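Below is one structure, written out as structure tokens; comments come after it.
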Amino acid sequence: VYDIWSINKGFGGIGYGASYFPGLYIFVEVFYLVTKDIWFALKLLCIFYISIVSGTVLIFLRPRGLATSLMGLMIVLVSYPSLIAFHTGNLEMLIFILILLGATAAYAKKWRIFAFLIGVATSAKVFPGIFALAPFVLTSPKVALRTFLLTVRTSITFTLFALFFLPGGLSSNG
């Protein structure tokens, strides 16, 4: 995805790397602004992934003790999805981070943060949108509906932002 983005200098190309929802390319553009070197960008992505996932899992599981925290972290980092993401350099790592942080926010009953994170994830790929239904079983119908609508609004906002303002988007003759 990063390679196609750098070759096309933004939106505009056809191919596997251009097959994600527009919101994902906000993250790709941030990496592209930091470095034009694809291998350095991959290293940054992996370091970012390991740091955020490790910190989140260890903090979340801290009340259960160090041994449980470390086991939980190992399960996450050496599971099939993580290993494939590392092997392929897949940007699904960013989606997982957003879902993990969203789940943590839901556990803490911080529904606005949950809605924002799941909305951003959904703007990049459709499947995280299923998590927008979680508040309907975890909280009151009023809070759940408000959270769901905020998730949808966040997803639409990020999608429109990407389509209008990223290179190759509508504001740059895309």
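This structure is a prediction, so every number in the text was calculated from the model and none was measured. Because only heavy atoms are used, hydrogens play no part in the values below, and waters and symmetry mates are left out as well, while side chains stay in.
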Residues 27-38 side chain polar contacts: donor-acceptor under 3.5 Å, at least two apart:
residue, atom, partner, partner atom, Å
Glu29, OE1, Trp5, NE1, 2.7
Thr35, OG1, Asp37, N, 3.1
Lys36, NZ, Tyr32, O, 3.1
Asp37, OD1, Trp39, N, 3.2

Show me the donor-acceptor pairs within less than 3.5 Å that the side chains of residues 136-143 make with the rest of the protein, sequence neighbours left out.
residue, atom, partner, partner atom, Å
Ser140, OG, Val143, N, 3.3

Could you go through residues 68-77 and list every donor-acceptor pair under 3.5 Å that involves a side-chain atom there, pairing it with any protein atom two or more places apart or in another chain?
residue, atom, partner, partner atom, Å
Thr68, OG1, Arg64, O, 3.4
Ser69, OG, Leu61, O, 3.0
Ser69, OG, Gly65, O, 2.8

I'd like a table of donor-acceptor pairs (distance under 3.5 Å, sequence neighbours excluded) in which one partner is a side-chain atom from residues 153-160, with atom names and distances.
residue, atom, partner, partner atom, Å
Thr154, OG1, Leu150, O, 2.8
Ser155, OG, Ser123, N, 3.4
Thr157, OG1, Arg153, O, 2.8
Thr159, OG1, Ser155, O, 2.8

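A distance of 15.0 Å separates CG of Leu91 from CZ of Phe96, quoted to the nearest 0.5 Å. To the nearest 0.5 Å, atom OG of residue Ser51 and atom CD1 of residue Ile47 are 7.0 Å apart. Note that CD1 of Ile95 and CG of Leu100 are 13.0 Å apart. Values are rounded to the nearest 0.5 Å. From Ile52, atom CD1 reaches atom OG of Ser54 across 9.5 Å, with rounding to the nearest 0.5 Å.
Two residues are said to be in side-chain contact when any heavy atoms from C-beta on lie closer than 4.5 Å; Ile26 and Val120 fail this criterion. Side-chain contact between Pro135 and Phe148 is absent, with no heavy atoms from C-beta onward closer than 4.5 Å. Side chains of Met93 and Phe48 form no contact here, defined as non-hydrogen atoms less than 4.5 Å apart. Annotation: side chain of Leu98 is not in contact with side chain of Pro128 (no heavy-atom distance under 4.5 Å).
Residues that satisfy the side chain to side chain contact (heavy atoms under 4.5 Å, CB included) test with Ala103, not counting sequence neighbours, are absent from this structure. Under the ring pair (Phe, Tyr, Trp, His ring centres under 6.0 Å) criterion, Phe131 pairs with no residue, sequence neighbours left out. With sequence neighbours excluded, no residue forms a ring pair (Phe, Tyr, Trp, His ring centres under 6.0 Å) with Phe164. Looking at residues two or more places apart in sequence or on another chain, you find no side chain to side chain contact (heavy atoms under 4.5 Å, CB included) involving Leu83. For Phe60, the ring pair (Phe, Tyr, Trp, His ring centres under 6.0 Å) partners at least two apart in sequence or on another chain are Tyr107. In terms of the ring pair (Phe, Tyr, Trp, His ring centres under 6.0 Å) criterion, residue partners of Phe165 (sequence neighbours excluded) are, by chain and number, Phe161.
Phe127 and Val1 end up in the same hydrophobic cluster when Ile, Leu, Val, Met, Phe, Trp and Tyr side chains are linked at under 4.5 Å. Hydrophobic clustering (side-chain heavy atoms under 4.5 Å, transitive across Ile, Leu, Val, Met, Phe, Trp, Tyr) keeps Val126 apart from Leu163. Put simply, Phe21 and Phe11 are part of two different groups of oily side chains (I, L, V, M, F, W, Y) that touch within less than 4.5 Å, one to the next.
Nearest heavy-atom pair across Phe86 and Ile50 is CZ-CG1, 3.7 Å. Residues Ala105 and Ile113 come closest through the heavy atom pair CB-CG2, 3.8 Å. Across all their heavy atoms, Ala162 and Pro22 have their closest contact at CB-O, 3.2 Å. The nearest pair of heavy atoms linking Phe114 to Gly102 is CD1-O, 3.1 Å.
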Item to complete: Using the side-chain contact (heavy atoms from CB on, under 4.5 Å) rule, take Leu94 and Leu45 through it: C-alpha gap first, then chi angles, then the decisive distance, then the call.
Response: CA-CA 8 Å; Leu94 295 171; Leu45 175 64; 3.8 Å; yes

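Residue pairs satisfying the salt bridge (charged side-chain N to carboxylate O under 4.0 Å, His left out) criterion with at least one member in residues 91-103, sequence neighbours excluded, are listed as follows: Glu92-Lys125. For the side-chain hydrogen bond (donor to acceptor under 3.5 Å, both in side chains) condition, the pairs that include at least one residue of residues 71-89, sequence neighbours left out, are Tyr49-Ser82.
The closest donor-acceptor contact from the side chain of Lys109 to the backbone of Ala106 lies at 3.5 Å or more, if one exists at all.
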